[in-house]
Amino acid sequence: MAETAREEVVALLAEFGGRTPQEVPERVDSMELAWLAHVLEQRHGRRLDDDTLSRIATVSDAARLLEGLRAAER
């Protein structure tokens, strides 16, 4: 079964913070956002602009962004 966008975001944040997925809070801080932007840009070959990044404050926001990136690749 394919990993959901939310599961992928939580796994990335857990990896970045050296914690378990259960320990990842809903709120994304600025360092986590920078990490996510870097990884998503590398994996999806697309630059994320400041306007897009400014709309990400939570794991749910990041998951929606990832879903959009995945949809654009289809």
Side-chain angles (χ1 to χ4, degrees):
M1 178 195 286
E3 185 176 45
T4 68
R6 183 176 186 82
E7 289 168 338
E8 183 176 343
V9 168
V10 168
L12 288 169
L13 292 172
E15 176 186 323
F16 175 71
R19 54 199 162 180
T20 67
Q22 296 78 17
E23 295 173 308
V24 173
E26 178 64 13
R27 202 106 182 98
V28 176
D29 70 26
S30 60
M31 290 298 293
E32 292 169 329
L33 180 56
W35 168 253
L36 280 175
H38 168 74
V39 172
L40 295 178
E41 287 174 350
Q42 293 296 311
R43 288 186 180 182
H44 298 278
R46 189 163 159 220
R47 175 105 168 85
L48 302 175
D49 60 37
D50 290 341
D51 183 53
T52 299
L53 295 176
S54 71
R55 290 178 275 163
I56 299 174
T58 64
V59 170
S60 296
D61 296 336
R64 280 191 292 279
L65 170 65
L66 179 53
E67 287 168 353
L69 291 173
R70 288 178 174 176
E73 292 173 351
R74 291 185 201 128

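What's counted below: heavy atoms across the whole structure, side chains too, no hydrogens, waters or symmetry copies. Fair warning: this is a prediction, and the values are worked out from it, not measured in the lab.
Every residue meeting the side-chain contact (heavy atoms from CB on, under 4.5 Å) condition with T58, not counting sequence neighbours, appears here in chain and number order: E26, R27, S60, D61. In terms of the side chain to side chain donor-acceptor pair (under 3.5 Å) criterion, residue partners of E23 (sequence neighbours excluded) are, by chain and number, T20. Scored by the side-chain contact (heavy atoms from CB on, under 4.5 Å) test, A34 finds no partners at all (sequence neighbours excluded). For D51, the side-chain contact (heavy atoms from CB on, under 4.5 Å) partners at least two apart in sequence or on another chain are D49, S54, R55. Not a single side chain to side chain donor-acceptor pair (under 3.5 Å) links R46 to another residue, sequence neighbours left out.
Nearest heavy-atom pair, L66 versus V9, reported as atom, atom and distance to 0.1 Å: CD2-CG2, 4.2 Å. The shortest heavy-atom contact between A63 and A5 is O-CB, 3.5 Å. Scanning both residues, P21 and A14, for their nearest heavy atoms gives N-CB, 3.8 Å.
Residue L36 forms a side chain to side chain contact (heavy atoms under 4.5 Å, CB included) with just one option from L12, L65, V59, and that option is L12.
Within the structure, side-chain hydrogen bond (donor to acceptor under 3.5 Å, both in side chains) pairs that include any residue of residues 28-37 comprise R19-E32 (at least two apart or interchain).
A distance of 9.5 Å separates CG in L13 from CG in L33, rounded to the nearest 0.5 Å. Atoms CD and CZ, on E8 and R43 in that order, are 5.0 Å from each other to the nearest 0.5 Å.
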